[in-house]
Q: 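Before I ask anything, let me first share the structure, which is written out below as structure tokens.
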There are 2 protein chains.
Amino acid sequence: MTTMPERTAEQDLPYDVFSRACPSRGTLEHVTGRWGALTLGALFEGSFRFNELRRRVDGVSEKMLSQTLHALERDGLVHREAQPTNPPRVDYELTPLGREVAERLVGLIEFVEGRMGDVLGARARYDETRGGR
Amino acid sequence: MTTMPERTAEQDLPYDVFSRACPSRGTLEHVTGRWGALTLGALFEGSFRFNELRRRVDGVSEKMLSQTLHALERDGLVHREAQPTNPPRVDYELTPLGREVAERLVGLIEFVEGRMGDVLGARARYDETRGGR
DNA sequence: CGGAATCCATGCCGATACTG
DNA sequence: CAGTATCGGCATGGATTCCG
């Protein structure tokens with residue numbers, strides 16, 4: 001069933017994310033997904049409570065944040081610390097593994113942000129040569 | 001409109017991806033998105049024609065690949081080289097900027113893949129403590 | 001081969017309401 | 001505060017068709 005018959009690539013890199021069946025694809029989507037990336041980025045700066053996170057990750061709904069945190073917790077990237085007080089207090093923080101992932105992710109995010117000037121320029125050029133379409 | 005009233009973060013990092021309005025969020029989604037990440041990863045290994053890419057990125061439909069490539073080209077990350085031969089031949093390759101982005105992205109992908117053992121273990125533990133849910 | 005265009009099912013995701 | 005449950009719109013994206 002594992003359909004990776006041959007590598008036509010020049011270099012024999014250890015990839016198989018490209019295969020639909022590979023489980024790493026799922027995890028990668030949790031990490032790089034719309035809310036996953038921003039959540040990990042936020043948690044890279046420290047520990048946060050649920051609603052703190054919600055405010056930091058602008059635009060995320062309760063449902064999506066909850067869902068995202070569950071996925072990341074399940075993948076062992078985020079640790080959930082619940083205190084049985086009243087009112088309840090729950091803190092989220094990165095696990096060591098999560099921190100390593102977030103580090104690379106944040107590097108990517110910062111790089112992209114730093115080059116937005118180039119990106120915007122490229123877009124302007126692209127849109128112009130095609131006459132607004 | 002720009003709702004970033006105050007930073008509660010310990011460190012004053014230059015983020016604003018967290019803001020819904022920030023244009024870098026869009027580009028980040030092209031890059032980290034489901035097909036964007038895999039496409040950039042594939043192109044990091046070399047230049048490919050449309051259907052070569054399609055075979056490499058397992059599971060992508062023509063529409064999504066076309067759409068993804070357009071977005072990346074517009075953002076200045078991918079260069080499209082069309083030769084007016086018959087049958088037509090079109091090659092896609094990373095721009096210098098795209099290469100830098102892909103480099104970081106591939107680093108992230110490879111890291112995640114290398115730690116899938118930990119991830120799978122964490123999942124097993126998580127699922128067990130919650131009784132299959 | 002390299003696409004664009006159309007149709008349409010799925011499921012993502014936001015809004016709301018409710019629980020502990 | 002920290003979530004879960006439910007509903008529904010609409011965007012995502014797959015399959016198919018057609019064109020240069």
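Labels below follow one simple rule: chain letters A, B, ... track the order of the sequence lines, proteins then strands, and each chain is numbered from 1. These numbers were taken from a predicted model, which means no experiment stands behind them.
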Q: By nearest nucleotide on DNA chain C, pick out whichever of F50(B) and K63(B) is the more 5' one.
A: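 The residue mapped nearer the 5' terminus is F50(B).
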Q: Of all the choices, dG2(C), dG14(D), dC1(D), which nucleotide is nearest to the side chain of M64(B) once you look at every atom?
A: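 The closest nucleotide is dG14(D).
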Q: State whether E93(B) and R99(B) are salt-bridged, where the test is any N-O pair (Lys NZ or Arg NE/NH1/NH2 against Asp/Glu carboxylate O) under 4.0 Å.
A: no
Q: What is the nucleic acid contact for R54(A), judged by heavy atoms within less than 4.0 Å: base, sugar-phosphate only, or nothing?
A: nothing
Q: To the nearest angstrom, how far is L65(A) atom CG from dG14(C) atom P?
A: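 Distance check: L65(A) CG to dG14(C) P gives 11 Å.
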Q: Which nucleotide in the list dG2(C), dG14(D), dA2(D) gets nearest to the side chain of V90(B)?
A: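 Nucleotide nearest to V90(B)'s side chain: dG2(C).
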Q: In whole angstrom, what separates L38(B)'s CG from dG13(D)'s C1'?
A: 15 Å
Q: Need to verify one output field. Residue with the more 5' nearest nucleotide on DNA chain C, S66(B) or R55(B)?
A: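 Here R55(B) is the residue nearer the 5' end.
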Q: Side chain of R80(A) only, heavy atoms from C-beta on: which candidate in dG14(C), dC1(D), dG3(D) is closest?
A: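 Comparing dG14(C), dC1(D), dG3(D) against the side chain of R80(A), the answer is dG3(D).
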Q: Between R89(B) and R49(B), is the side chain to side chain contact (heavy atoms under 4.5 Å, CB included) condition met? List the steps.
A: CA-CA 7 Å; R89(B) 177 189 176 100; R49(B) 302 177 62 177; 3.1 Å; yes
Q: Looking at R54(A) and V60(A), what are the two nearest heavy atoms and their distance?
A: NH1-O, 2.9 Å
Q: How close do G41(B) and F18(A) get, counting heavy atoms only, and between which atoms?
A: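 Where G41(B) meets F18(A) most closely, the heavy atoms are C-CZ, 3.7 Å.
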Q: E62(B) near the nucleic acid: base, sugar-phosphate alone, or nothing, with a heavy-atom cut-off under 4.0 Å?
A: base
Q: dG3(C), OP1 or OP2 - any side-chain N/O from H70(B) closer than 4.0 Å?
A: no
Q: How many Å lie between CG on N51(B) and C1' on dG3(C), as a whole number?
A: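 The distance from CG of N51(B) to C1' of dG3(C) comes to 9 Å, rounded to the nearest Å.
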Q: In whole angstrom, what separates D91(B)'s CG from dC1(C)'s C1'?
A: 12 Å
Q: Whole angstroms only, please: what is the CD-P distance between Q67(B) and dA11(D)?
A: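 So the CD-P distance, Q67(B) to dA11(D), works out to 13 Å.
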Q: So, is R49(B) close to the dC1(C) phosphate, meaning a side-chain N or O under 4.0 Å from OP1 or OP2?
A: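 Answer no for this pair, as no side-chain N or O of R49(B) is under 4.0 Å from OP1 or OP2.
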Q: Rounded to whole Å, how long is the line connecting atom CD of E29(A) with atom P of dC13(C)?
A: 11 Å
Q: With a 4.0 Å cut-off, would you call D91(B) and R80(B) a salt bridge?
A: no
Q: Return the value, rounded to whole Å, for the distance between atom CD of Q83(A) and atom C1' of dG3(D).
A: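 Rounded to whole Å, this separation is 16 Å.
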Q: With the side chain of S61(A) defined as its heavy atoms from C-beta on, choose the nearest nucleotide among dG14(C), dC1(D), dG3(C).
A: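 From the listed options, dG14(C) comes nearest.
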Q: Nearest-Å distance, OH (Y92(B)) to C1' (dC1(C))?
A: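 For the pair Y92(B) OH and dC1(C) C1', the rounded distance is 11 Å.
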